[in-house]
Structure formats: structure tokens, C-alpha cells
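Every chain is numbered from 1 and lettered A, B, ... according to where its sequence line falls, protein lines coming before strand lines. Keep in mind that the numbers below use all heavy atoms, side chains included, and drop hydrogens, waters and symmetry copies.
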Amino acid sequence: MNTKSIDYQLFSHEIIQWYRANPRDLPWRGTLDPYQIWLSEIILQQTRVAQGLPYYYKFVNAFPSVRDLALASEEEVLRLWQGLGYYSRARNLHACARFVWHELDGKFPNTYEKLLLLKGVGSYTAAAIASFAFGEVKAVVDGNVFRVLARYFGIETDIATGKAKKEFEALANRLIPVDQPAEFNQAMMDFGARLCTPKNPDCPSCPLQQSCFAYQQGMVKDLPVKINKTKIRERHIHYYVIRCGDKWVWKRRAKGDIWEGLYDFPQVEGDLKSEKMEISFPESEFEAKKIPKSYRHILSHQRLNAVFSEVEVSEENMQNLEDWAEEQGYQLVEEQRIEYLAKPKLIVNFLRDQGF
DNA sequence: GTCCCGGTCC
DNA sequence: GGACCGGGAC
């Protein structure tokens, strides 16, 4: 860190001044309702505002209060979350709403420490709710804050480490003014999202340029330091789309893999993109028709290569199919109910190509 | 296509 | 520290 004496007040003052002139107009700002603030923060975890915004509207519309969310089913919540990714957020959101409604008399915890005990609420989200809804003096540290502080103060600690988390939280909590914690937190995030951006930050119009370590040292593009060592796993999946009459065979994905709780199809997975990945039916031989188009679906840590085969089962084999599905833990779903299943993006894309 | 972005949990 | 998603910039 820059060891020259640090003017904490100058930094905080300038950030807040900048924010007052350049606030983002977001629907959850201006409310003090912890439910709406919590909802927006969970949706925005790992998600850009532009992507999260339509989901925020869908959710406040469908579930205007924590009670409405608590009384919904998990399937309903997952379906509304469909396409947003990181589905554990939706499962935790629902579990948390139930907890608040049934165990806490519908009242959100009102301190940072108590908020931290909620599922899906970590240090960032707890600080956000505590400061925005309850005026607690607790600094948020998200990706924006890491970047702004690393650049301005010249901190070279790898932000992927636990050490960095402690270090940046300590610094942010020294910077946050006791008389306007919420405004400071909003300001830091907006400043990082709109001016001090990851690529091509707008240094020429930055009010902190003169005292910014990175700018003065020509290190803006080198900070923050983030050592990415996530290795990407390649997977090959052969999906079987099995139909009988107007019923389709679906599989609810289990714990311990991607897309937990969402629906896709019976599948076989192989190391190579072998044509040999075949699903085994009990007795009858059903013909699988390969769909020519293959799909590549990229996650942060996996590359999925998916192919699909269609299996048309004649109606006289319905009972046979039902028995087999039951035994395998699959579900038969009528065609008109498919749109209500929560499905991964890959499956939504596939269905779209099939005309659904 | 390739690279980059981001909170919480286990 | 690694697993968890999808989209946007280039």
C-alpha cells in the first residue's frame, strides 16, 4: 500500500460528491423495505444490473412481500429464476423467506451480525442490507469496491484470497463515514460500475485522479491483482428426449452437480465425444434418432458438449415406460406442463430450436 | 470464437 | 480454495 499518509476523508468525500452527481436510477433505491433490498441484492450477486433488472421486476411482481415468497413452492421460485444462473441463490432465497416468515414473524433481522446468519447472505449482502435498510455503519465489499480501493490505494494483494477480503473490508470500514453509510456504499459500487470499470476506466473524468496510486504509477490496468486458476472441465453429455404420446420423460437434477433442482433429460456422460453413449432400456429396443445439431454450453468451470437423441415410444408401451421411469427416478410430464418446469439455459435453447 | 465479470457455501 | 451460471465485450 501507498505508505504516504492517507486522507480518508478526502477519498470518501469525493466519492460521495461524484455519486450525488451521477447516481444510477435503480428501482430498489429509495425504498427502506428490507425485503425488497434483500431481494435485489440476492439477484445482483454475480449478476450485472442489466441482466438482473427484469428478474427483480418479475419477483416483486409475483411476490410483493416475504409472505408471498414464503408461501410459494421451491419449483415456482426456481422457474421464475430460470436463466439467471447460480440456482443455489434461488433455493436459498426461498428457504430464507420461509425462515423469516415462519420463524421470525415476517421481520427481517436488522443488524449485520444477525443478517449474516441467513442462507445466501454473506458479508457483502449483510452489509448492503444493514446499511441500506437500517443505516448501520458497515462497508460493503464487492467486486467494484475491490477494484476501486486496489487502484486508489495501490493494494497488490490477490483479491481471490481470504487475506485480501479481510484487508479490503478493514480499509472500507475505515473509509465509510458514520453519518452517511448507505450513501457511501452506493457511491462505491456505482463509481466502480460506471467510472472505475474493469476495462477502459474513465480516468480523465475521475475526481480522484490526482491522488489515485494506480493512475499516478501507470498501473490502472494491473490492479486489482486477481490470480485466476480455475481449471475448466470438459464434459460430453448425450441427452435422450423420450416421448410417449404427449408425455415426455424428465429428470430433476440432483445435489452435487450443476443445475441442482432444475429439470433436464435422462442422459449418459462420457469422457470422449463417443457415439457409444447409449442409455439402457429394460427390455424393448427403442430406436433413438440423433438430432444433427450439437450444443456447446460454457460455464465458468465447465464446458458442456451436448448431443440429443429423440426416442419415440409407442403408446402400447406406455406402462412399460412408466415403470422404467419410476424405477429410474424420472418423471413423465405432459407437454403443456413443460413450460412450467425450471430448466437450464442449455435445455431452453434446445427446446427453442425444436420449436417450443 | 475467447476472455472476463462476480458472492456464498462447503 | 474450488464449485457454482450466464451474458457481454472484444
Could I get a table of every N or O pair under 3.5 Å where one atom is in the protein and the other is in nucleotides 8-10 of chain B?
unit_1, atom_1, unit_2, atom_2, d
B:dT8, OP1, A:G122, N, 2.6
B:dT8, OP1, A:G122, O, 3.3
B:dT8, OP1, A:T125, N, 3.0
B:dT8, OP1, A:T125, OG1, 2.6
B:dT8, OP2, A:S123, N, 3.2
B:dT8, OP2, A:Y124, N, 3.0
B:dT8, O5', A:G122, N, 3.4
B:dC9, OP1, A:G120, N, 2.4

Restricting to nitrogen or oxygen on both sides, can you table the protein-nucleotides 7-10 of chain C pairs closer than 3.5 Å?
unit_1, atom_1, unit_2, atom_2, d
C:dC10, OP1, A:N200, ND2, 3.4

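For residues 85-106 of chain A, every residue pair satisfying the salt bridge (charged side-chain N to carboxylate O under 4.0 Å, His left out) rule, not counting sequence neighbours, is listed here: A:R91-A:E260, A:D105-A:K107.
Between A:D257 and A:R253, at least one side-chain nitrogen of the basic residue sits less than 4.0 Å from a carboxylate oxygen of the acidic one, meeting the salt-bridge criterion.
For A:S300 against C:dC4, a side-chain-to-base donor-acceptor contact under 3.5 Å is absent.
Atom CG in A:L304 sits about 11 Å away from atom P in C:dC4, given to the nearest Å. The CZ-P distance, from A:R253 to C:dC4, rounds to 10 Å in whole Å. When the P atom of C:dC4 is taken as reference, atom CD1 of A:I232 falls 13 Å away, rounded to whole Å. The distance between atom CD1 of A:I129 and atom P of B:dG7, rounded to the nearest whole Å, is 14 Å. Computed from coordinates, the A:R303 CZ to C:dC5 P distance equals 17 Å when rounded to whole Å. As a whole-Å value, the separation of A:D257 CG from C:dC4 P is 6 Å. Atom-to-atom, NZ of A:K226 to C1' of B:dG6 comes out at 7 Å; the value is rounded to the nearest Å. The nearest whole Å value for the distance from the CD1 atom in A:I43 to the P atom in C:dC5 is 16 Å.
Centroid-to-centroid, the aromatic rings of A:Y295 and A:F308 come within less than 6.0 Å. Aromatic ring centroids of A:F11 and A:H13 lie 6.0 Å or more apart.
Looking only at side-chain heavy atoms (C-beta outward), A:L351 and A:K343 come within less than 4.5 Å of each other.
Regarding contacts with the backbone of C:dG6, a side-chain N or O of A:W259 is found under 4.0 angstrom from either OP1 or OP2. Phosphate proximity of C:dC4 to A:H301: present, with a side-chain N or O under 4.0 Å from OP1 or OP2.
Using a 4.0 Å heavy-atom criterion, one finds that A:R296 contacts no nucleic acid atom at all. Nucleic acid contact class of A:L299 (heavy atoms, under 4.0 Å, all strands): base. In this structure, A:G256 reaches the sugar-phosphate backbone alone: every heavy-atom distance under 4.0 Å involves primed, P, OP1 or OP2 atoms, never a base.
Here the options are A:W38, A:F134, A:F132, the test is ring-ring contact (aromatic ring centres under 6.0 Å, His included), and the partner is A:F108; only A:W38 passes. Tested against A:L93, the residues A:L118, A:V121, A:L39 include a single side chain to side chain contact (heavy atoms under 4.5 Å, CB included) partner, A:L39.
Aromatic ring orientation, A:F63 versus A:F59: tilted (interplanar angle from 30° to 60°). Taking the six-membered ring for Trp and thresholds of 30 and 60 degrees, A:Y55 and A:W81 have ring planes inclined between 30 and 60 degrees apart.
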